[in-house]
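Take a look at the following structure, please.
The chains referred to below are lettered A, B, ... by the order of the sequence lines, with proteins before strands, and numbering in each begins at 1.
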Amino acid sequence: DTAVSQTPKYLVTQMGNDKSIKCEQNLGHDTMYWYKQDSKKFLKIMFSYNNKELIINETVPNRFSPKSPDKAHLNLHINSLELGDSAVYFCASSHGAHFAARYGYTFGSGTRLTVV
Amino acid sequence: QQQVKQSPQSLIVQKGGISIINCAYENTAFDYFPWYQQFPGKGPALLIAIRPDVSEKKEGRFTISFNKSAKQFSLHIMDSQPGDSATYFCAATADYKLSFGAGTTVTVRA
């Protein structure tokens, strides 16, 4: 199946832990994104990589660090997890930043992170 | 700071009715205006999009109306069906970023 796949789908962890979310796309896209969706369903961009280069880095705590080993993968590592980090994290990809608007972003199904 | 303001937060419509969702923006640098549809447990998916030099775009039962001077755009869902029940997000793009509205949860009653 051609898609954007994220793992894990659910992640429950204690405060202070470090966790990673992985994302892979097989669509041949060269731009990938991380979005955070809060409990009110608001979607906010966190990071974007184009050809492994960081092009968007929104005001996100330093505890969040993205890594893109190649164009098809974008991982998100979170250190010292806090209660407020609980949210659904979506990975997305698109055909280049310039074409993203016209052809749309393809989103993964999300990772529901719960910090207890 | 939300760059795209969306209303209403939720709406309920009878099967066969018309759903209307409104959005407004301030940033004149926005150069494309897509709408995304999200079902529970899924990621958003592109539904329809419009350029700012076009006043209306129709795809099947979905129509975007765009008013550049008022900096407003809206989504009309004609002949709403239960399968249309989802959360709809308007969005706008500028400088490689896709900025979303707060979302509207649409419930279509059979």
- prompt: CD of B:E59: more than 12 outside heavy atoms within 6.0 angstrom?
  reply: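 Enclosed.
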
- prompt: According to a 4.5 Å side-chain heavy-atom criterion applied to Ile, Leu, Val, Met, Phe, Trp and Tyr, with indirect links allowed, do A:F64 and A:V88 form part of one hydrophobic cluster?
  reply: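 Shared cluster, no.
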
Heavy-atom contact with chain B under 4.5 Å, split by part of A:L43: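 For A:L43, backbone and side chain are both near chain B.
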
Part of A:Q6 within contact of chain B (heavy atom distance under 4.5 Å):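 A:Q6 has no heavy atom closer than 4.5 Å to chain B.
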
field: Heavy-atom pair with the smallest gap, counting every atom of B:P44 and A:F107
entry: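 For B:P44 versus A:F107, the nearest heavy atoms are O-CD1, 3.3 Å.
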
- prompt: CG of B:D53: more than 12 outside heavy atoms within 6.0 angstrom?
  reply: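 Yes, CG of B:D53 has more than 12 neighbouring heavy atoms, counting only those of other groups under 6.0 Å.
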
message: Between A:K40 and chain B, with a heavy-atom cut-off of 4.5 Å, which part of the residue counts as in contact: side chain, backbone, both or neither?
response: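 Contact with chain B involves the backbone of A:K40 alone.
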
query: Around B:K42, counting heavy atoms of other residues, nucleotides and ligands shown, do more than 12 lie under 6.0 Å from its NZ?
result: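 No, because the 6.0 Å sphere around NZ of B:K42 holds 12 heavy atoms or fewer from other groups.
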
task: Please name the residue in the list A:Y35, A:F42, A:Y33 that meets the ring pair (Phe, Tyr, Trp, His ring centres under 6.0 Å) test with B:F100.
output: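 It is A:Y35; the other options fail the test.
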
More than 12 heavy atoms from other groups under 6.0 Å of CZ on A:R63: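 Yes.
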
message: Ignoring hydrogens, what is the shortest heavy-atom contact between A:K9 and B:G41? Give both atom names and the distance.
response: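 Smallest interatomic distance, heavy atoms only, reads NZ-O, 3.7 Å.
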
task: Heavy-atom distances under 4.5 Å only: say whether B:F89 touches chain A with side chain, backbone, both or neither.
output: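 Answer is side chain: those atoms of B:F89 sit under 4.5 Å from chain A.
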
message: Between B:Q38 and chain A, with a heavy-atom cut-off of 4.5 Å, which part of the residue counts as in contact: side chain, backbone, both or neither?
response: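 Side chain of B:Q38 only, per the 4.5 Å heavy-atom cut-off to chain A.
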
query: Between A:M15 and A:Y89, is there a shared hydrophobic cluster once you connect ILVMFWY residues whose side-chain heavy atoms come closer than 4.5 Å?
result: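 Yes; A:Y89 is reachable from A:M15 via cluster members.
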
